[in-house]
Amino acid sequence: MILPDPSGQYVIGADAGRDQIFVWKLDMGTGKLAEVSVTKSVPGAAPRHFAFSPDGKTLYQQQERIPVCRSMLSPAAS
């Protein structure tokens, strides 16, 4: 799953195969992405789905293979 954050400044991607969540900064002038961070998940958890809180400050992320929902600050909130 890949989506822009509510601010439109960042793109977030969940890679279930590598158990990681990526955050890229979007350059609006060129359309290019620059990696900002990579967050590792529990091995084998397969992070897959995520959504932002209504105020856009919190990212909720659901693991596919284990019953865990994680929350973290949205990139634009930090």
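FYI, side chains are in, hydrogens and waters are out, and symmetry mates aren't considered; it's all heavy atoms of this structure.
- Taken from CD in Gln20 to CG in Asp15, the straight-line distance is 6.5 Å, to the nearest 0.5 Å.
- In this structure, Lys25 NZ and Tyr10 OH are separated by 4.0 Å, a value rounded to the nearest 0.5 Å.
- Between Ser41 atom OG and Arg65 atom CZ the span is 10.5 Å, to the nearest 0.5 Å.
- Both Leu26 and Phe22 sit in one connected hydrophobic cluster of ILVMFWY residues. Membership requires side-chain heavy atoms under 4.5 Å apart, directly or through other members.
- Closest approach of Arg48 to Ala14, counting heavy atoms only: O-CB, 3.7 Å.
- Interatomic distance, CD1 of Ile2 versus CZ of Phe50, reported as 8.0 Å (0.5 Å rounding).
- Within the model, atoms NE2 of His49 and CD of Gln62 stand 7.5 Å from one another, a figure rounded to the nearest 0.5 Å.
- With Asp19 contributing its side chain and Pro43 its backbone, the two residues share no donor-acceptor pair below 3.5 Å.
- The closest side-chain heavy-atom distance from Leu3 to Ile12 is not below 4.5 Å.
- Side-chain atoms of Ile21 and Gln61, non-hydrogen and from C-beta on, do get closer than 4.5 Å to each other.
- Contact between Gly13 and Trp24 at its shortest, heavy atoms only, is N-CZ3, 3.7 Å.
- The same ILVMFWY cluster, assembled from side-chain heavy atoms under 4.5 Å apart, contains both Phe52 and Met1.
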